Protein chains: 2
Amino acid sequence: MTSRPESARAGRPATMSDVAARARVSRALVSIVFRDQPGASQATRERVRQAARELGYAPDQRARLLSRRRSGLLGVQFAVEHPFHGELVEALYTAAEARGYELALSAVAPSRDEERAVASLLAYRCEALILLGPTAPDGRLDALGQQVPLVVVARNLRTEQAEVVRTDDEDGARQATQHLLALGHTRIVQVDGGGAPGSAERRRGYRAAMERAGLATQVRVLTGGPTERDGLDAFVRLAAEPADPQGPRRPSAVVAFNDRCALGVLQAATQAGLQVPTDLSVVGYDDSRMATLPWVDLTTVRQDVAELATLAVARAVARIEGPPGAASLLTPPRLVVRGSTGPVPRPA
Amino acid sequence: MTSRPESARAGRPATMSDVAARARVSRALVSIVFRDQPGASQATRERVRQAARELGYAPDQRARLLSRRRSGLLGVQFAVEHPFHGELVEALYTAAEARGYELALSAVAPSRDEERAVASLLAYRCEALILLGPTAPDGRLDALGQQVPLVVVARNLRTEQAEVVRTDDEDGARQATQHLLALGHTRIVQVDGGGAPGSAERRRGYRAAMERAGLATQVRVLTGGPTERDGLDAFVRLAAEPADPQGPRRPSAVVAFNDRCALGVLQAATQAGLQVPTDLSVVGYDDSRMATLPWVDLTTVRQDVAELATLAVARAVARIEGPPGAASLLTPPRLVVRGSTGPVPRPA
DNA sequence: CGTTGTGGCTAGAGCGCTCTAGTCTTCCCT
DNA sequence: AGGGAAGACTAGAGCGCTCTAGCCACAACG
């Protein structure tokens with residue numbers, strides 16, 4: 001960055017004309033130099049850059065975007081409250097840069113809904129939109145996809161109008177369940193994500209693993225959600241059920257929708273006097289920072305953030321440059337085994 | 001948002017001219033209507049809006065910014081990994097909107113340093129920069145402040161070149177310490193933030209409270225940091241000290257730099273077999289989401305995010321509109337008492 | 001010697017808006 | 001009837017860039 005403009009020239013920042021005048025060349029030449037285009041001698045380039053430095057000049061992005069045939073912008077919608085989105089944003093920056101695009105960020109927050117976020121991105125004439133875990137209805141996304149090249153990340157969507165990039169959640173849930181099965185568990189319940197993106201897939205994965213193990217009758221899905229509260233409530237409800245001597249015994253393992261949900265389950269279990277993993281094994285999803293904390297030490301399923309970001313940008317670019325050939329790309333998840341899972345407890 | 005452009009007019013989005021033509025008015029009129037300026041009859045407004053709707057028109061922000069005398073943009077630099085920044089960003093959106101400004105977001109991440117984030121903001125010709133907890137050296141911020149109206153949030157900085165908006169951390173730490181004193185604790189140690197912004201202030205607050213209570217000799221600050229690891233390590237080190245029969249007994253309470261640090265302390269204490277708050281009281285700082293989790297239930301100090309955001313925007317606007325009259329604004333923090341603090345344990 | 005490149009450079013027309021300085025009505029007040 | 005004044009609307013000049021066309025000087029080629 002320029003460190004200090006020598007001439008604050010009437011308060012306004014220096015323009016290309018200022019640089020051109022000082023370097024005694026045309027404005028076009030300055031443009032050529034700053035875009036690293038052929039058409040200027042080495043000596044002139046140096047002269048222009050020097051003049052720019054002296055004036056503290058940096059090209060005006062607004063003008064640049066306006067006059068360029070293409071804006072070179074990728075609009076990213078993310079939820080400010082979601083650490084996972086934060087990781088994605090970072091990875092998107094590097095992925096976009098590698099392909100010569102810039103990112104325009106627009107946050108979603110309780111007080112700022114997706115419509116507003118998208119409208120603002122569209123107003124900047126982004127060439128494509130990358131939405132992280134959007135909650136808008138399918139129809140809305142479909143319509144949006146007709147308007148602008150669209151990539152939906154971490155959410156399933158069946159449409160020709162958008163690219164979908166997500167982790168293979170079904171596989172992830174399957175891996176989590178199989179891990180528990182391998183430890184000898186049979187009474188495994190799932191606390192699902194309610195209406196959160198990915199819920200249906202993770203339910204399917206859990207169910208598939210159970211059925212494959214011949215435990216179809218043991219399948220049990222509790223309604224949960226993406227927050228600690230959801231996990232806690234679900235487990236409290238479970239624990240409150242009257243113990244039926246003839247009925248099935250209490251579950252020995254829980255597959256939670258995500259790490260936050262798993263934390264809620266852990267809390268409820270602890271309050272109910274259960275030891276983890278001695279009395280109960282718990283698996284989360286996301287491998288968030290909290291999962292790695294020593295006293296949480298949660299077995300979980302890791303999504304490949306860098307891969308998701310790279311794919312998202314690649315698909316966005318493909319949609320921008322080529323005809324809309326919608327694809328749905330799945331990234332493989334990876335089980336991370338930690339201390340919250342252990343062998344099935346012996347019946348007392 | 002417009003739901004579906006009736007005419008995708010050669011692939012390119014509709015412009016003001018398209019709308020003007022369709023509504024049979026001049027471009028200027030369309031501009032007036034979209035800026036909600038006086039100078040158009042009610043009937044015409046409706047006609048223009050209708051035409052725009054039919055064309056799926058939305059003003060091009062790039063052109064808007066360029067031609068407007070002022071960009072109306074507030075550039076915000078935030079760290080993608082920091083939940084606290086997320087909260088601030090949300091609050092900034094509403095605060096900025098209330099004063100007629102828009103936000104331009106630029107993220108800082110391990111792979112994207114502050115220089116890049118700032119450069120990108122500057123390229124958009126933001127009228128002011130709001131930096132959330134910047135880690136750049138004072139000199140750099142000072143220089144930046146000479147270049148553009150600058151507001152530094154949640155970081156202390158002694159300069160005329162920038163506005164500083166932060167929580168009164170000294171007071172916060174004082175409140176935390178006084179709370180423990182009121183509960184009867186005397187052996188209170190602080191695990192500080194190492195070099196993190198706010199460390200010095202919080203140390204002062206702790207020290208002041210102790211001295212005021214006549215416990216100057218009991219003051220003890222352990223080097224910590226802003227992460228769980230830091231808190232954990234600090235407490236482990238403390239616990240590892242040989243018990244000196246003549247020396248002071250073990251502390252009965254800890255004032256941690258922030259919630260993450262406090263969590264580390266909690267972890268270490270639990271592993272050492274201590275019950276919280278029976279054997280040890282712990283206070284955090286930030287009132288983060290984790291502090292509110294039932295099984296953490298951390299007594300902590302809450303920063304007024306909305307107030308910080310409002311002040312930050314107000315100061316930014318003041319700097320933009322008026323002469324640089326640098327101010328350093330302190331927001332009062334508030335102690336939130338939860339379950340991690342209790343009366344001083346009776347000597348066994 | 002004319003022709004054809006070619007490297008280095010410039011003129012000038014946009015990009016899609018905003019905004020100042022009008023013009024043209026119509027209405028109101030003496 | 002004349003003289004504003006207000007309201008509705010338009011022309012056109014920017015804003016700071018990019019980019020196409022084209023100019024000029026010089027070299028290489030036949």
Side-chain angles (χ1 to χ4, degrees), chain A residues 5 9-48 51-52 55-73 100 102 122-127, chain B residues 5 9-48 51-52 55-73 100 102 122-127:
Chain A
R9 206 166 283 259
R12 299 233 154 276
T15 75
M16 186 170 259
S17 300
D18 298 333
V19 177
R22 180 174 260 258
R24 318 212 135 271
V25 295
S26 69
R27 294 175 318 125
L29 217 292
V30 178
S31 175
I32 286 171
V33 171
F34 271 87
R35 279 178 297 129
D36 274 324
Q37 292 276 306
S41 70
Q42 212 45 52
T44 313
R45 279 181 204 278
E46 195 32 61
R47 202 147 43 86
V48 169
L55 293 172
Y57 169 79
D60 186 324
Q61 190 70 356
R62 303 168 301 173
R64 217 170 204 189
L65 291 177
L66 182 59
S67 63
R68 215 153 33 186
R69 193 80 31 240
R70 316 177 31 192
S71 76
L73 278 181
E102 278 207 57
L122 250 22
Y124 276 99
R125 298 294 185 265
C126 294
E127 293 188 49
Chain B
R9 205 166 283 259
R12 300 233 155 276
T15 75
M16 186 172 259
S17 300
D18 299 333
V19 177
R22 181 174 258 258
R24 318 210 137 272
V25 294
S26 69
R27 294 175 317 123
L29 217 294
V30 178
S31 175
I32 285 171
V33 171
F34 271 87
R35 281 178 294 131
D36 274 323
Q37 292 277 306
S41 69
Q42 211 46 52
T44 313
R45 281 180 202 279
E46 196 31 62
R47 203 146 44 86
V48 169
L55 293 171
Y57 169 79
D60 186 322
Q61 190 70 356
R62 303 169 299 174
R64 222 172 199 189
L65 291 177
L66 182 58
S67 62
R68 218 155 27 188
R69 190 82 28 238
R70 317 178 29 193
S71 76
L73 238 40
E102 277 208 58
L122 251 22
Y124 277 98
R125 299 293 186 264
C126 294
E127 293 188 49

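Source: prediction; values computed, not measured. Naming convention: chains lettered A, B, ... in sequence-line order (proteins, then strands); numbering from 1 in each chain.
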What does the list of N/O pairs under 3.5 Å between the protein and nucleotides 18-21 of chain C look like, with a distance for each?
from    : atom 1 : to     : atom 2 : distance (Å)
dT18(C) : OP1    : R64(B) : NE     : 2.8
dT18(C) : OP2    : S31(B) : OG     : 2.6
dT18(C) : O4'    : S67(B) : OG     : 2.7
dC19(C) : OP2    : R35(B) : NH1    : 2.7

Residues passing the salt bridge (Lys or Arg N to Asp or Glu O under 4.0 Å) test with R125(A), sequence neighbours excluded, are D60(B)
Of the listed dC9(D), dG16(C), dC17(D), the closest approach to the R125(B) side chain comes from dC17(D)
Between CD of Q42(B) and P of dA8(D) the distance, given in whole Å, is 9 Å
Residues at least two apart in sequence or cross-chain that pass salt bridge (Lys or Arg N to Asp or Glu O under 4.0 Å) with R70(B), listed by chain then number, are E127(B)
Comparing S41(B) with L66(B), nearest DNA chain D nucleotide closer to 5' gives the residue S41(B)
| query | Heavy atoms, side chains only, cut-off 4.5 Å: are T44(B) and R47(B) in contact? | reply | yes
The bend of the helix from dC1(C)-dG30(D) to dT30(C)-dA1(D), taken between the axes of its five terminal pairs at each end and rounded to 10°, is 50°
Residues passing the ring pair (Phe, Tyr, Trp, His ring centres under 6.0 Å) test with F34(B), sequence neighbours excluded, are Y57(B)
Those residues at least two apart in sequence (or on a different chain) that pass salt bridge (Lys or Arg N to Asp or Glu O under 4.0 Å) with E46(A) are R53(A)
Taken to the nearest whole Å, CZ/R62(B) to P/dG16(C) is 7 Å
In whole angstroms, the gap separating P of dA21(D) from CG of L29(A) amounts to 19 Å
